[in-house]
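Before any comments, here is the structure.
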Amino acid sequence: MKIIKLISVMFALTLVCNRVQGQVTPEAIIGQCPDLPSAAYLAADSDNQAASAAIEAFHEKIQKLRETSKSTDNAMWEAAKQDAERIAQQMTGKSVTQLQNMSEADQKAFAQQMVNQKLSASGLGNLSLAQLQALEGKSNDEIAAAMTASGATFGGLTPSEINAMENMTEEQAAVYLQEGNRMQRMQAATNSPQVKKQQTQTKKIASQVEITNEMKKITDRWQEIDRLNERETREVAAQFPALYQKHGIDAAFAAASPCMDGKVDTKIYTKTYCDAAAKRLAATWNAYYTECYTLWRNQVSKMQGRIKTKMADVARYDELLAQSMNIGGMTATAKEMPSIGFSIAGQYLDATSSVTTLPKTEN
């Protein structure tokens with residue numbers, strides 16, 4: 001026991017030193033994960049003091065490793081609050097608290113106001129959302145006339161001008177654009193701050209789509225690993241009933257049951273008989289559990305190996321996530337966001353700790 005306590009103290013000191021030096025990484029957490037207990041210890045856990053002590057120390061080490069990945073959470077959430085406040089001010093001119101404290105009626109009115117502002121900035125003139133909705137079902141000429149009257153423009157041209165070119169040949173359209181300063185208006189619109197802002201936003205959207213697609217490819221690979229681990233876990237558990245029958249648990253239990261109620265008829269069941277039956281039952285259970293835990297321990301070892309392979313994609317995933325957050329304006333959060341590797345390290349710890357509990361057989 002003294003040796004176990006000494007190892008635990010040394011283990012804790014190592015984690016503290018790493019944390020102080022900023023060296024706690026997902027790789028370090030996985031690397032410091034304790035070895036799996038033997039199948040013999042797992043099978044003897046409840047009846048063997050040494051096995052129970054070793055397994056208890058095993059779980060204590062895993063719990064200490066879990067705690068090392070929580071140190072960055074507070075910094076991340078504080079950064080997220082700062083980003084949310086800044087984005088709310090930029091988009092609405094109000095703080096997060098002000099938006100949250102609005103009544104439902106005020107929220108609807110404010111949302112309507114924000115939509116109308118966006119419509120105006122998009123080149124739709126003075127048309128409100130309600131006015132646009134009222135145009136539904138109107139003819140193209142009626143819609144174009146209403147938009148033109150509101151001052152709406154698209155690329156420097158009014159809807160009526162765009163509508164007029166609908167049936168023109170290329171030559172006719174070229175002549176038409178040279179008239180009425182239309183070409184100059186189109187060029188001015190192309191160089192306007194609004195258009196440049198829209199172009200920048202379009203590029204951001206395109207980048208975000210590419211980032212999202214690449215991140216999905218990575219998560220798809222990870223999910224396939226998870227599905228394989230889950231499927232094989234069910235397959236291992238499905239073998240336990242046959243092993244139960246193989247080791248004759250029911251027969252050994254039946255032989256020992258007359259001796260287990262404390263009211264043995266010594267004329268029929270002698271103490272020698274009862275002691276022998278109890279030993280046979282204990283040995284039978286131990287043989288059964290040893291074989292079960294051997295299968296399960298091997299499966300957990302496979303799961304550990306597969307989870308480790310996820311780490312190859314962590315650096316790229318972290319990079320993509322930071323890019324995505326920066327595009328969305330969450331710049332402070334991106335700096336404090338912990339590596340996705342800590343989540344994978346958590347999965348590794350979960351798989352490791354599960355070795356002490358046999359998976360349940362599905363009915």
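Just so you know, residue 1 is the first one in the sequence shown, and it goes up from there. Note that the structure is a prediction, hence the values are computed from the model and not measured.
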Regarding Gln347 and Lys310, is there a side-chain donor-to-acceptor distance under 3.5 Å anywhere?
yes
Ile340 reachable from Ile327 in the ILVMFWY side-chain graph, under 4.5 Å edges:
yes
Side chain to side chain contact (heavy atoms under 4.5 Å, CB included) involving Leu228 - partner list, sequence neighbours excluded:
Arg231, Glu232, Arg306
I'd like to know if Ile225 and Ile218 are part of one continuous hydrophobic network [Ile/Leu/Val/Met/Phe/Trp/Tyr, side-chain heavy atoms within less than 4.5 Å].
no
Working to the nearest 0.5 Å, report the span between CG of Leu295 and CD of Gln239.
5.0 Å
Return the set of residues passing side chain to side chain contact (heavy atoms under 4.5 Å, CB included) with Glu291 (not counting sequence neighbours), or none when no residue passes.
Leu243, Lys246, His247
Pairwise distance CG(Asn229) to CD1(Ile307) - rounded to 0.5 angstrom
5.5 Å
State which residues pass side chain to side chain contact (heavy atoms under 4.5 Å, CB included) with Glu27; sequence neighbours excluded, sorted by chain then number.
Thr25, Met311
Please report the shortest heavy-atom distance between Leu36 and Ser301, naming the atom on each side.
CD1-N, 4.1 Å
Roughly how far apart are Glu230 CD and Gln223 CD, rounded to 0.5 Å?
10.0 Å
Side chain of Ser324, backbone of Leu320: donor and acceptor closer than 3.5 Å?
no
Quick one: does Thr233's side chain get under 4.5 Å of Val300's, heavy atoms only?
no
Could you tell me which non-hydrogen atom of Ala254 sits nearest to which non-hydrogen atom of Ser257, and how far apart they are?
O-OG, 2.9 Å
Side chain to side chain donor-acceptor pair (under 3.5 Å) partners of Ser353, counting only residues at least two apart:
Arg66
State which residues pass side chain to side chain donor-acceptor pair (under 3.5 Å) with Thr219; sequence neighbours excluded, sorted by chain then number.
none
May I ask whether Ile55 and Trp285 are part of the same hydrophobic cluster, defined by side-chain heavy atoms of I, L, V, M, F, W, Y residues being less than 4.5 angstrom apart, directly or through others?
yes
Do Trp296 and Leu42 have side chains that get closer than 4.5 Å, going by heavy atoms?
no
Any side-chain to backbone donor/acceptor pair from Asn286 onto Ala282? Under 3.5 Å, distance only.
no
To check you understand the geometry: which heavy-atom pair defines the closest contact between Ala256 and Ala278, and what is its length?
CB-N, 4.5 Å
CD on Gln32 to CG on Leu349, rounded to 0.5 Å
10.5 Å
Lys216: what forms a salt bridge (Lys or Arg N to Asp or Glu O under 4.0 Å) with it, not counting sequence neighbours?
Asp220
Give me each pair satisfying ring pair (Phe, Tyr, Trp, His ring centres under 6.0 Å) with a member in residues 156-176, each pair once, sequence neighbours excluded.
none
Taking only residues two or more places apart in sequence, or in another chain, which ones meet Asn298 in a side chain to side chain donor-acceptor pair (under 3.5 Å)?
none
Please name the pair of heavy atoms, one in Ser339 and one in Pro26, separated by the smallest distance, quoted to 0.1 Å.
OG-CG, 4.2 Å
Salt-bridged, Glu214 to Lys217, with N to O below 4.0 Å?
no
With sequence neighbours excluded, give me every salt bridge (Lys or Arg N to Asp or Glu O under 4.0 Å) pair touching residues 32-42.
none
Check the surroundings of atom CD in Glu179: do more than 12 heavy atoms from other residues, nucleotides or ligands lie under 6.0 Å from it?
yes
May I have all residue pairs that pass ring pair (Phe, Tyr, Trp, His ring centres under 6.0 Å) and include part of residues 299-321, sequence neighbours excluded?
Trp222-Tyr317
How many angstroms lie between CD in Gln323 and CD in Glu210, if you round to the nearest 0.5 Å?
10.0 Å
List for me each residue that meets side chain to side chain contact (heavy atoms under 4.5 Å, CB included) alongside Asp275, sequence neighbours excluded, and say none if there are none.
Lys271
Which residues share a side chain to side chain donor-acceptor pair (under 3.5 Å) with Arg280, sequence neighbours left out:
none
Test: Lys64 and Glu67 ion pair at under 4.0 Å
no
Between Glu224 and Arg221, is the salt bridge (charged side-chain N to carboxylate O under 4.0 Å, His left out) condition met? List the steps.
CA-CA 5 Å; Glu224 183 58 34; Arg221 289 197 291 270; over 6 Å; no
Could you give the distance from OG (Ser354) to CG (Asp350), rounded to the nearest 0.5 Å?
8.0 Å
Spell out, yes or no, whether Val175 and Met165 are grouped together once hydrophobic residues are joined by side-chain heavy atoms under 4.5 Å, including indirect joins.
no
pair Phe240-Tyr288: side-chain heavy atoms closer than 4.5 Å:
yes
Locate the shortest heavy-atom distance separating Gln172 from Thr169; write the atom from each residue and the value.
OE1-N, 2.9 Å
Any sub-3.5 Å donor-acceptor pair from Thr361's side-chain atoms to Ala237's backbone N or O?
yes
When you compare the side chain of Thr284 with that of Phe253, does any pair of heavy atoms fall below 4.5 Å?
no
Is the backbone N or O of Val355 less than 3.5 Å from a side-chain atom of Arg297, with the two atoms forming a donor-acceptor pair by type?
no
Closest non-hydrogen atom pair, Phe58 against Pro37:
CE1-CD, 3.7 Å
